[in-house]
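Every number for a ligand or one of its atoms is a count from 1 in the order of the listing.
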Amino acid sequence: MKEIILIKNGELALKGLNRNVFEHTLIKNLKKALESLGEINIRNAQSTIYIEPTSEEYDFDEALTRVSKVFGIAAFSRCGVVKKDINDILAAVPVYLKETLQSIKTFKVEAKRADKTFPLKSPELCAEVGGAILEAFPHLSVDVHHPDEIVTVEIRDFAAYIRAGQIKGAGGLPVGTAGKAAILISGGIDSPVAAYTMAKRGLKLDAIHFASPPYTSPRAEQKVKTLLSKVALYSGPINLAVVPFTEIQEEIGKKCPEEYFTLIMRRMMMRIAQKVAVHQKCGALITGESLGQVASQTLPAIGVTDSVTLMPVLRPLIGNDKEEIVAISRKIDTFETSCLPYEDCCTVFTPKHPKTRPTTSLCEQAEKNLDIETLIEKAIANIQYSCIV
Ligand code: ATP
Ligand code: MG
């Protein structure tokens with residue numbers, strides 16, 4: 001029997017006039033995600049997208065895994081396609097859903113009749129299909145309140161679609177519909193989760209990573225690339241800028257008071273990140289900061305860091321506990337990579353006693369011996385760009 005993937009749009013069904021843009025972006029993202037699996041036809045009608053492979057050997061399992069990571073989808077399912085004829089439908093349901101129906105005890109049938117010209121009304125269709133299932137699987141009984149499985153028959157424009165259950169989609173908004181922002185990515189647990197969280201709200205991602213060789217190794221940089229490739233399964237391709245940060249850190253180490261090292265370093269990161277982001281046409285920066293997690297993430301420290309940027313800085317994890325962040329990192333499969341023990345530039349020059357109540361003016365005073373503009377220009381001139389898929 002011919003099969004398709006049927007997709008229900010998520011939040012975007014609510015978007016009124018913007019709906020076309022959202023649907024168009026979602027379809028583009030789906031095509032991109034499924035591109036390497038073979039040719040498909042995609043059709044869109046009534047907040048539902050139909051994906052129909054043109055070959056018999058289509059890898060549906062892999063396609064469903066990929067669809068489950070595309071933002072903007074409320075639910076999806078794999079369906080059997082049948083002619084809109086009641087006899088064909090009654091013959092097909094017990095065969096197509098055999099495995100599921102054998103493994104459960106109770107079921108319920110739901111019918112959706114988008115094509116109002118179909119001769120049977122929904123309750124009649126449910127009764128007929130229910131009867132055919134009970135006849136083929138006598139161990140089953142109907143439970144309309146708490147069924148083990150819901151069998152759905154949808155009568156639509158071109159065909160009838162049959163399925164058992166449906167899978168919850170990734171939710172959120174299609175990537176690209178909210179513009180683009182740059183994630184400051186370290187090798188830690190938080191920043192990949194922050195990236196995922198903002199991609200879910202429709203942002204396309206660029207990434208910026210600060211590396212301090214030889215204090216940080218090529219393995220640390222590779223770890224960041226691996227993390228981004230896991231995020232890219234959800235967000236689509238990510239352009240990565242690796243910024244050489246060694247000289248800046250050494251200069252800070254030589255010319256600034258130790259208790260300000262981390263804050264000055266973070267202000268330098270923000271200054272550079274903002275320039276890169278403007279150049280890449282990003283509308284915001286994203287970080288993985290969480291209030292109070294470390295000394296550089298207290299409210300005064302965040303204030304001091306933010307005062308060097310005009311661009312909005314999104315901190316989606318600001319109110320999350322570590323436990324909540326870890327749960328998401330496990331879900332998106334970045335946790336184990338994040339836990340690999342390679343050094344980050346943040347850990348290279350850490351002060352023994354970071355300034356506890358920093359202010360912007362104290363920090364400006366502490367960085368006055370740095371030639372900030374020249375250091376930034378040099379770092380930006382030596383950025384290495386790559387695209388992570
Ligand atoms: P993470 O788990 O993301 O590393 P963290 O708790 O270790 O977070 P910090 O090291 O203080 O926190 O970094 C806070 C944020 O600053 C990170 O979430 C990330 O957005 C950014 N950041 C830290 N180090 C780097 C780096 N080497 N390159 C780019 N961004 C960085
Ligand atoms: Mg870190």
Side-chain angles (χ1 to χ4, degrees), residues 181-198 205-213 215-228 230-231 238-246 248-249 252 261-277 282 284-298 301-302 304-306 308-309 311 313-318 320-330 332 334-351 354-355 358 379-380 383-384 388:
I183 173 75
L184 278 78
I185 183 104
S186 69
I189 294 168
D190 305 329
S191 41
V193 172
Y196 160 85
T197 306
M198 291 322 302
L205 300 176
D206 275 358
I208 303 170
H209 175 66
F210 295 87
S212 293
Y215 305 105
T216 61
S217 66
R219 285 193 309 180
E221 200 177 308
Q222 185 51 49
K223 176 183 174 184
V224 165
K225 290 182 174 166
T226 306
L227 288 170
L228 286 176
K230 289 178 185 264
V231 174
I238 302 172
N239 289 316
L240 168 66
V242 177
V243 184
F245 207 50
T246 316
I248 291 177
Q249 287 198 289
I252 296 172
F261 279 2
T262 307
L263 278 174
I264 295 174
M265 183 192 75
R266 298 197 62 75
R267 281 159 65 89
M268 291 302 282
M269 281 186 177
M270 286 306 209
R271 289 181 177 113
I272 294 171
Q274 174 169 254
K275 285 205 170 181
V276 175
C282 294
L285 299 174
I286 307 167
T287 76
E289 287 160 301
S290 161
L291 192 64
Q293 197 186 75
V294 288
S296 62
Q297 295 173 28
T298 63
I302 288 174
V304 167
T305 314
D306 260 8
V308 296
T309 62
M311 199 174 243
V313 181
L314 308 178
R315 296 181 167 89
L317 310 182
I318 197 73
N320 285 114
D321 294 344
K322 197 74 185 184
E323 216 177 296
E324 293 164 330
I325 299 169
V326 166
I328 302 175
S329 78
R330 287 191 194 277
I332 63 171
T334 52
F335 183 72
E336 279 178 24
T337 308
S338 289
C339 289
L340 295 172
Y342 311 136
E343 60 298 310
D344 181 68
C345 72
C346 284
T347 56
V348 178
F349 295 90
T350 40
K355 185 76 185 157
I380 289 180
I383 287 178
Q384 299 251 330
I388 310 294

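At least one donor-acceptor pair under 3.5 Å links the side chain of T246 to the backbone N or O of P213.
I388 contributes atom CD1, which lies 10.0 Å from atom CD1 of I185 (distance to the nearest 0.5 angstrom).
Taking a cut-off of under 4.0 Å to the non-hydrogen atoms of I208, the atoms of ligand 1 that pass are 29 (C). Near I185, with a cut-off below 4.0 Å to any heavy atom, the atoms of ligand 1 are 26 (C), 28 (N), 29 (C), 30 (N). Taking every non-hydrogen atom of M269 and a distance limit under 4.0 Å, the qualifying atoms of ligand 1 come out as 24 (N), 25 (C), 26 (C). Listed by atom number, the atoms of ligand 1 under 4.0 Å from Q293 heavy atoms are 5 (P), 6 (O). Ligand 1 places these atoms under 4.0 Å from at least one heavy atom of T287: 20 (O). Residue-ligand proximity, I189 to ligand 1, at heavy-atom distances under 4.0 Å covers atoms 2 (O). Within ligand 1, counting atoms from 1 as listed, the ones closer than 4.0 Å to a heavy atom of G288 are 17 (C), 18 (O), 20 (O).
Two residues are said to be in side-chain contact when any heavy atoms from C-beta on lie closer than 4.5 Å; L227 and V231 fail this criterion. Considering only heavy atoms from C-beta on, T287 comes within 4.5 Å of M270 through its side chain. Between M269 and M265, some side-chain heavy-atom pair lies under the 4.5 Å cut-off. Inter-residue side-chain proximity for F261 and T350 is flagged as unmet; no heavy-atom pair is nearer than 4.5 Å. L317 places none of its side-chain heavy atoms less than 4.5 Å from the side chain of Q293.
In this comparison of M270, Q297, H209, the heavy atom closest to atom 14 (C) of ligand 1 sits on Q297. When the options S296, A295, S186 are ranked by their closest heavy atom to atom 4 (O) of ligand 1, first place goes to S186. Among M265, R266, E221, the residue whose heavy atom lies closest to atom 15 (C) of ligand 1 is R266.
Of all the heavy atoms in I325 and V193, the pair that sits closest is O-CG2, 3.7 Å.
For ligand 1, the polar-atom distance check finds an N/O of L184 within less than 3.5 Å of one of the ligand's N/O atoms. For F210, a nitrogen or oxygen atom sits less than 3.5 Å from a nitrogen or oxygen atom of ligand 1, counting backbone and side chain alike.
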